[in-house]
Amino acid sequence: MSFSIELELQRFPRHIRLKDGKRTIFRVLEGNDEKALHQLFLDIPERERMFIKHRVTDLAVIREWCQNIDVGRNLPLVALVGGKVVGLATLHQQLGGWKRHIGRVSVLVHPLYRGRGIATRLITEILDISRRAGLEKAEAEFIGEQEAAIKMFAFLGFSELLRLADYVKDMQAVTHDYVLMGMELKTDEEYAGVGG
Ligand SMILES: CC(C)(COP(=O)(O)OP(=O)(O)OC[C@H]1O[C@@H](n2cnc3c(N)ncnc32)[C@H](O)[C@@H]1OP(=O)(O)O)[C@@H](O)C(=O)NCCC(=O)NCCS
């Protein structure tokens, strides 16, 4: 699986023109992006950061991510404007077990760069890579309050699979609803009507 992902990644870096005409570059996260990626997390307001599963304000956590990139397991795609990381989308794969055909995707965009289509474009790229890598389904997890994200994923073809009231806890130990969304990934052959 990771071999075909690496082949797919040859099309990056890609220059993308946003809705407002501005240019951004999409590419895979690199070892020396740690400061720029850390800054993205620092610029996320505290009330949103509470919903992120990892301690992302800790530079050591980000350094660990940047230095141990295994794209077959965890593919981080970043959007850059100037030298600044303004968006991050991740494709997480289980390499074995009963979820090996399901890719988990997540996305985060810098507050000052929202509403320009960055998340939509990043997720579209991630879904395209997932499909070509042979994954059959994509899933994404949310806290009930992440309404903008839930709406965006619905627009991209995801539907709500499960909602559990007060199921998860944020960093302040306050409970929130858990929402799981998912979509079927059709392969190119299926689109062409060959693969069944
Ligand atoms: C959700 C998030 C990723 C959207 O990023 P973005 O780059 O602004 O998204 P886009 O510009 O591609 O917008 C896509 C659609 O989402 C919806 N949307 C985006 N921001 C919205 C907001 N603040 N309120 C309501 N809808 C919103 C709109 O329908 C928009 O489409 P439109 O502009 O054509 O109407 C961003 O707000 C974010 O990082 N939120 C915090 C992290 C998060 O919730 N991540 C998801 C967990 S996986």
Any donor-acceptor pair under 3.5 Å from R49 side chain to F41 backbone: yes
Nearest heavy atoms of C66 and L37, plus distance in Å: SG-CD2, 4.3 Å
Distance (rounded to the nearest 0.5 Å) between I150 CD1 and E160 CD: 6.5 Å
I need the minimum non-hydrogen distance between A79 and I118, along with the two atoms involved. CB-CG2, 3.8 Å
Side chains of E8 and V71: does their closest heavy-atom pair fall under 4.5 Å? no
Partner residues of V81 under the side chain to side chain contact (heavy atoms under 4.5 Å, CB included) criterion, sequence neighbours left out: T24, V86, Y113
Mind checking the CD-CD1 spacing from E136 to I102? Nearest 0.5 Å is all I need. 8.5 Å
Separation of L185 CG from K137 NZ (nearest 0.5 Å): 9.0 Å
If hydrophobic clusters are built from ILVMFWY residues whose side chains come within less than 4.5 Å, do V179 and V168 share one? no
Please determine whether a side-chain nitrogen of the Lys or Arg among K53 and E141 lies less than 4.0 Å from a carboxylate oxygen of the Asp or Glu. yes
Side chain to side chain contact (heavy atoms under 4.5 Å, CB included) filter on E30, not counting sequence neighbours, yields R27, N32, D33
Considering the options F158, F51, F153, which one meets the ring-ring contact (aromatic ring centres under 6.0 Å, His included) requirement together with F142? F153
When you group the ILVMFWY residues by side-chain heavy-atom contacts below 4.5 Å and let the links chain together, are F155 and L108 in the same group? no
Measure across P111 and P45 and return the closest heavy-atom pair with its distance rounded to 0.1 Å. CG-CD, 3.7 Å
Working to the nearest 0.5 Å, report the span between CG of L29 and CD1 of I69. 4.0 Å
Counting C-beta onward and ignoring hydrogens, is there a side-chain heavy-atom pair between K19 and R17 closer than 4.5 Å? no
If Ile, Leu, Val, Met, Phe, Trp and Tyr residues are connected whenever their side-chain heavy atoms lie under 4.5 Å apart, and connections chain through other members, are I16 and V78 in the same group? yes
How close do S106 and I123 get, counting heavy atoms only, and between which atoms? O-CD1, 4.1 Å
I'd like to know if the side chain of D166 reaches the main chain of D177, judged simply by a donor and an acceptor atom lying under 3.5 Å from each other, with no hydrogens or angles considered. no
My understanding is that only one of I62, V85, D43 makes a side-chain contact (heavy atoms from CB on, under 4.5 Å) with H38; could you say which? I62
So does R23 have more than 12 non-hydrogen atoms from other groups sitting under 6.0 Å from CZ? no
Please evaluate residues Q39 and K84 with respect to the criterion side-chain contact (heavy atoms from CB on, under 4.5 Å), reporting the C-alpha separation (whole Å), side-chain torsions for both, the decisive distance (0.1 Å), and the verdict. CA-CA 8 Å; Q39 191 58 51; K84 202 173 150 106; 5.7 Å; no
Same cluster for I126 and F12 if Ile/Leu/Val/Met/Phe/Trp/Tyr side chains link at under 4.5 Å? yes
For L40 versus V109, what's the shortest heavy-atom pair and its separation? CD1-C, 4.5 Å
Is it the case that atom CZ in R55 sees more than 12 heavy atoms from other parts of the structure closer than 6.0 Å? no
Could you list the residues that satisfy side chain to side chain contact (heavy atoms under 4.5 Å, CB included) with L164, not counting sequence neighbours? L162, Y167, Y178
Rounded distance (nearest 0.5 Å) linking atom OG1 of T124 with atom CZ of F26: 8.5 Å
Could you walk me through whether K99 and E139 satisfy the salt bridge (Lys or Arg N to Asp or Glu O under 4.0 Å) test, starting with their C-alpha distance in whole Å, then the side-chain angles of each, then the deciding distance to 0.1 Å, before giving a yes or no? CA-CA 10 Å; K99 276 196 165 183; E139 66 177 24; 3.1 Å; yes
Before you tell me yes or no, could you show the steps for Q93 and R73 under side-chain contact (heavy atoms from CB on, under 4.5 Å), namely the whole-Å CA-CA distance, both residues' side-chain angles and the distance that decides it to 0.1 Å? CA-CA 5 Å; Q93 294 187 68; R73 200 179 277 274; 5.9 Å; no
Testing the basics here: between E125 and L77, what is the closest heavy-atom pair and its distance to 0.1 Å? CB-CD2, 3.8 Å
In chain order, what residues pass the side chain to side chain contact (heavy atoms under 4.5 Å, CB included) check against M50, with sequence neighbours excluded? E46, D170, Q172
From N68 CG over to N74 CG, what is the distance, rounded to the nearest 0.5 angstrom? 11.0 Å
Non-neighbouring partners of R121 that pass side chain to side chain donor-acceptor pair (under 3.5 Å), sequence neighbours left out: none
Looking at residues at least two apart in the chain, or sitting in another chain, which of them share a side chain to side chain donor-acceptor pair (under 3.5 Å) with E147? none
Check whether I143 and V56 end up in the same hydrophobic cluster, where Ile, Leu, Val, Met, Phe, Trp and Tyr are linked by side-chain heavy atoms less than 4.5 Å apart. no
